[in-house]
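Shown next, in structure tokens, is the structure this report addresses.
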Amino acid sequence: MKPNFSLCVYCGSRPGKDPRFAQTAAQVGRWIGRHGGQLVYGGGNNGLMGVLADAALAAGARVVGIIPHSMVEREWAKRDCTELHVVENMHQRKSMMAERADAFLALPGGIGTFEELFEVWSWRMLGFHHKPVGLLNQDGYYAALLQFLEQGVGHGFMNTTQTDLLTVGDDAATLLPRLVTAAGYEPRPVDISQI
């Protein structure tokens, strides 16, 4: 069955200290499944990544994991993804994730999440794609980053046209339908018992 939409989610390979981060990752995974969507993510089994994928699978979503070979060898791969693609390097991973997605969302995470978010956002600014890019500022996790971005605008290194390309929200239940709708899809709830 073809998914209603495909959402690429970037998030931490660690759970973070606050259990609410994992709760939100699970909420996002369930929302994708309950709306007939497909999750595209980095293929990991640890931290928020594993929580997200488990919840999406349990809610009936197709889950596409894309992971470099070196990380599979360290047993970080989630083997029960609907599709698990093992690639040679991070460049191939990020390229395939972008190709398979209709929209992007960054949850709390570390340096890998930051790098993926900024790359796909800059690709959008340069016109390499026209897909929505979202940032979930859960519990103010990204507040300092957002303030720094405003500083970049104030100093003339960025402009509001660029920052307006990033859809920011602090509530997953509100942000998710905004991204899917902006991608041109209708986030309709599905009866997962029929899947």
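The shown structure was predicted, so the numbers you read here are calculated from the model rather than taken from an experiment.
Residue Leu126 qualifies as enclosed at atom CG: its count of foreign heavy atoms under 6.0 Å is above 12.
With hydrogens and angles ignored, the 3.5 Å screen pairs a side-chain donor or acceptor of Asp102 with a backbone N or O of Ser6. With hydrogens and angles ignored, the 3.5 Å screen pairs a side-chain donor or acceptor of Arg93 with a backbone N or O of Gly42. For the pair Arg62 (side chain) and Gln38 (backbone), a donor-acceptor distance under 3.5 Å is absent. Listed for the Ser95 side chain is no donor-acceptor partner under 3.5 Å among the backbone atoms of Gln92. A distance-only check finds no donor-acceptor pair linking the side chain of Glu119 to the backbone of Glu116 [under 3.5 Å]. No donor-acceptor pair under 3.5 Å is formed between the side chain of Tyr41 and the backbone N or O of Leu7. When atom types are taken as modelled, the side chain of Lys131 and the backbone of Ala98 share a donor-acceptor pair closer than 3.5 angstrom.
Shown here for Pro68 and Val86, the closest heavy-atom pair between the two residues is C-CG1, 4.5 Å. Shown here for Asn46 and Trp76, the closest heavy-atom pair between the two residues is ND2-CD1, 3.4 Å. Val63 and Cys81 make their closest contact through O-CB, 3.6 Å (heavy atoms, listed as atom of the first residue, atom of the second, distance). In this structure, Leu107 and Thr113 approach most closely via the heavy-atom pair O-CG2, 3.5 Å. When all heavy atoms of Ala61 and Gly33 are compared, the pair lying nearest together is CB-CA, 3.6 Å. The shortest heavy-atom contact between Leu105 and Leu136 is CD1-N, 4.0 Å.
The aromatic rings of His35 and Trp31 sit parallel to each other, their planes meeting at less than 30°, with 60° as the upper class boundary. By the 30° and 60° cut-offs, the orientation of the rings of Phe104 relative to His129 is tilted.
Tyr141 is linked by a ring-ring contact (aromatic ring centres under 6.0 Å, His included) to Phe21, counting only residues two or more places apart in sequence or in another chain.
Here the CG-CD distance, from Leu145 to Glu150, works out to 10.5 Å after rounding to the nearest 0.5 Å. Note that the NZ atom of Lys78 and the CD1 atom of Ile67 stand 11.5 Å from one another [nearest 0.5 Å].
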Counting only pairs under 3.5 Å, give me each side-chain donor-acceptor contact of residues 167-176, with atom names and distances, residues two or more places apart or in other chains.
| from | atom 1 | to | atom 2 | distance (Å) |
| --- | --- | --- | --- | --- |
| Asp171 | OD2 | Thr174 | N | 3.1 |
| Asp171 | OD2 | Thr174 | OG1 | 2.7 |

